[in-house]
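Quick note: numbers below take in every heavy atom, side chains included, and nothing from hydrogens, waters or symmetry partners. One is the number of the first residue; the rest follow in order along the sequence.
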Amino acid sequence: MTLDLTPNLDPFALARALSGQHFYDGAFQAGKSGKTFPVNNPATGAEIGAAPFGDEADVNAAVAAAKAAQKGWAKLPARGRGKLVAECGRVLANHVEELGRLIALETGKALRTESRVEAGVLADMFTFFGGLGSELKGETVPFHPDMMTMTVREPVGVVAAIIPWNVPLLLMAMKAAAALVAGNAVVVKSAEESPLTVLRVTQIMNSVLPAGVFNILSGFGPECGAPLVAHPDVKKVSFTGSVETGRIVYKAAAEKLIPVTLELGGKSPMIVCADADLDKALAGAIVGMRFTRQGQSCTAASRIFVHEDIHDAFVAALKAKVDAMVMGDPLDEKTDIGTIISGGQFDRVQSYIALGRDTAGATELACSSMPTDPKLAKGLFVQPRIFTGVTNNDRIAREEIFGPVCCVIKWTDFDSVIEQANDSEYGLAATIWTRDLKTAMDATRRLEAGFVQVNQNLVVQPNLSYGGVKTSGLGREASLESMLEHFTHKKTIIINMA
């Protein structure tokens with residue numbers, strides 16, 4: 001199969017052209033079993049394409065190609081690898097509009113507010129890591145005057161990168177760019193809900209990289225992901241997904257004694273103090289809760305603790321802002337909010353909305369309005385919900401929903417609200433909103449999260465170390481640290497000169 005690398009702005013045509021293929025060993029490859037599964041547009045329910053049902057035979061072929069290619073790739077000078085990875089970023093930047101449209105089609109994320117932005121950060125991530133090739137350096141150690149002692153960084157080998165569906169381009173880039181510059185070959189297992197855009201990215205990157213260095217398989221966890229993690233030639237796993245699946249991946253990797261990076265769930269707290277700039281805090285809540293992504297984010301600020309002095313004003317203003325957001329066709333430039341990714345996730349979100357509605361003392365505020373276009377009647381649209389009157393002990397405030405549902409919880413005592421914010425199994429992200437520097441510094445010290453911000457709610461960016469504590473994961477991504485610590489090992493060399 002061949003496919004033109006010219007940017008294609010018709011996502012429906014591109015989805016059809018990409019259907020039914022893996023990509024490994026430098027070329028599109030049909031699935032060994034011949035089985036496929038449908039890829040649907042969550043805004044209409046229509047089938048837009050298909051993906052191969054990857055299994056152990058596909059895994060064996062892709063890993064073999066990666067292992068063979070990795071040896072030559074690792075021999076290239078690190079800066080040379082970096083230049084090629086940076087060139088991938090430059091080429092991908094020419095495809096931002098194409099990739100944004102395709103990811104909007106298959107995930108239901110709005111093009112203007114989400115998908116086009118993600119495609120741009122994808123290119124930026126490869127460009128950023130491409131410039132870090134010269135940082136793969138060791139140390140000299142003053143061990144003994146008659147011995148020259150030094151360390152060098154070496155790649156681990158073949159890396160398995162297992163990615164979710166909510167921001168597949170960004171999360172693939174965070175793993176792959178770092179691993180590639182470090183001298184590894186990569187086999188990606190895409191999410192079954194969103195396999196097409198990452199497949200197109202792989203094809204584009206293979207126009208720059210040597211064959212077999214960067215590969216992708218589609219399929220489901222038990223049939224494709226499990227044999228990939230268990231494969232004896234896979235020497236590192238980087239996984240983003242649920243806590244439950246993360247535990248399975250961790251156990252399987254432990255059997256082989258290989259390193260694992262895990263970025264898992266979250267129930268992130270946002271603490272708004274009485275002295276906070278209300279306008280900035282409201283804007284931060286909109287971004288932090290990822291309303292434009294239908295709340296489908298592990299860092300979503302779904303627990304918003306607001307001081308009682310400004311609680312009512314904050315809730316009223318937040319509802320008004322979300323009411324003003326437009327739900328509709330993800331490919332329409334007017335749309336702010338798209339859809340939930342799948343029927344299963346739609347049902348899960350609806351069950352939590354019902355749970356919140358039945359929670360003692362809770363008040364449900366439905367925001368925005370459902371689209372009226374008859375073509376979208378079967379779309380997986382959910383009105384964002386704000387629940388007030390709940391406590392941090394209620395299930396809706398404790399369990400990760402991965403949908404447009406947030407709880408606004410009133411507080412009065414600062415020590416108590418810090419304790420509540422930390423009273424969670426998760427520890428991925430947190431924010432504090434205040435004009436007082438002492439309060440801000442105290443909160444950043446005490447909040448149990450790996451990614452803490454003051455008076456802002458930035459999403460993941462290149463060069464900002466990102467990762468969680470507690471059950472939110474192990475390791476860090478998106479930074480020089482992640483490349484060095486997670487995709488290389490350190491070798492000590494001693495030369496006796498006596």
Side-chain angles (χ1 to χ4, degrees), residues 23-27 59-91 125-140 150-162 172-189 201-202 204-217 228-229 231-239 253 256-261 475-495:
F23 198 108
Y24 58 84
D25 202 14
V59 168
N60 290 340
V63 173
K67 182 181 180 182
Q70 192 269 331
K71 298 184 190 312
W73 179 245
K75 290 179 181 178
L76 289 178
R79 288 187 66 189
R81 294 194 303 263
K83 287 179 180 179
L84 289 174
V85 171
E87 177 65 9
C88 288
R90 187 194 68 78
V91 175
M125 194 69 73
F126 282 101
T127 302
F128 166 72
F129 275 106
L132 297 183
S134 60
E135 296 302 315
L136 287 156
K137 53 196 176 188
E139 306 153 329
T140 56
M150 58 187 175
T151 65
V152 296
R153 291 277 181 180
E154 296 183 340
V156 296
V158 176
V159 172
I162 302 176
M172 182 176 77
M174 286 200 300
K175 302 174 190 305
L180 289 169
V181 173
N184 305 283
V186 178
V187 178
V188 177
K189 205 290 280 185
V201 169
T202 306
I204 293 167
M205 289 177 57
N206 270 264
S207 70
V208 176
L209 301 174
V213 169
F214 188 62
N215 316 273
I216 194 163
L217 300 170
L228 179 60
V229 173
H231 198 288
D233 289 330
V234 167
K235 302 302 182 183
K236 159 78 183 186
V237 177
S238 182
F239 170 84
K256 297 165 55 183
L257 296 177
I258 63 171
V260 179
T261 301
R476 294 295 180 265
E477 297 186 283
S479 64
L480 173 62
E481 168 197 9
S482 70
M483 182 177 74
L484 296 178
E485 298 301 323
H486 303 307
F487 295 110
T488 72
H489 61 76
K490 185 183 287 188
K491 176 186 285 185
T492 299
I493 300 171
I494 305 174
I495 302 174

Novice: Please check: side-chain N/O of Lys256 versus main-chain N/O of Val234, any donor-acceptor pairing under 3.5 Å?
Specialist: yes

Novice: Going by atom types only, do Lys175 and Ser482 share a side-chain donor-acceptor pair under 3.5 Å?
Specialist: no

Novice: Would you mind checking if Glu481 and Arg476 are paired as a salt bridge, meaning a charged N to carboxylate O distance below 4.0 Å?
Specialist: no

Novice: Taking Asp25 for its side chain and Ala65 for its backbone only, find out whether a donor-acceptor pair lies under 3.5 Å.
Specialist: no

Novice: From Lys83 NZ over to Glu87 CD, what is the distance, rounded to the nearest 0.5 angstrom?
Specialist: 11.5 Å

Novice: Can you name the closest pair of heavy atoms from Gly183 and Ala74 and give their distance?
Specialist: O-CB, 3.7 Å

Novice: Which heavy atom in Ala478 sits nearest to a heavy atom in Met174, and how many Å separate them?
Specialist: CB-SD, 3.6 Å

Novice: Applying side-chain contact (heavy atoms from CB on, under 4.5 Å) to Asn215 and Thr202, what does each step give before you reach the verdict?
Specialist: CA-CA 7 Å; Asn215 316 273; Thr202 306; 5.7 Å; no

Novice: Say you draw a straight line from OG1 of Thr151 to NZ of Lys137; how long is it, rounded to the nearest 0.5 Å?
Specialist: 11.5 Å

Novice: Could you go through the side-chain contact (heavy atoms from CB on, under 4.5 Å) check for Met205 and Leu180 one step at a time?
Specialist: CA-CA 12 Å; Met205 289 177 57; Leu180 289 169; 3.9 Å; yes

Novice: Ion pair present between Glu139 and Arg153, side-chain N to carboxylate O less than 4.0 angstrom?
Specialist: no

Novice: Would you mind writing out the side-chain donor-acceptor pairs for residues 207-214 within the sub-3.5 Å range, not counting sequence neighbours?
Specialist:
| unit_1 | atom_1 | unit_2 | atom_2 | d |
| --- | --- | --- | --- | --- |
| Ser207 | OG | Ile204 | O | 2.5 |

Novice: Which pair of heavy atoms, one from Lys67 and one from Asp233, lies closest together, and at what distance?
Specialist: NZ-OD1, 3.3 Å

Novice: Nearest 0.5 Å please: distance from the OG atom of Ser479 over to the NE2 atom of His486.
Specialist: 7.5 Å

Novice: Write down the atom of Ala182, the atom of Pro155, and the distance for their closest heavy-atom approach.
Specialist: O-CB, 3.3 Å

Novice: Ignoring hydrogens and angles, tell me if any N or O in the side chain of Asn184 forms a donor-acceptor pair with the backbone of Val156 under 3.5 Å.
Specialist: yes

Novice: Please name the pair of heavy atoms, one in Ala66 and one in Val187, separated by the smallest distance, quoted to 0.1 Å.
Specialist: CB-CG2, 3.8 Å

Novice: Ignoring hydrogens, what is the shortest heavy-atom contact between Ala253 and Val260? Give both atom names and the distance.
Specialist: CB-CG2, 3.2 Å

Novice: Leu132: which residues meet the side chain to side chain contact (heavy atoms under 4.5 Å, CB included) condition with it, sequence neighbours left out?
Specialist: Phe128, Phe129, Glu135, Leu480, Met483

Novice: Please check this pair: side chain of Lys236 against backbone of Thr488, looking for a donor-acceptor N/O pair closer than 3.5 Å.
Specialist: no

Novice: For the backbone of Val181 and the side chain of Arg81, can you confirm whether one donor and one acceptor N or O come within less than 3.5 Å of each other?
Specialist: yes

Novice: Quick one: are Ser238 and Glu477 in side-chain contact, heavy atoms under 4.5 Å?
Specialist: yes

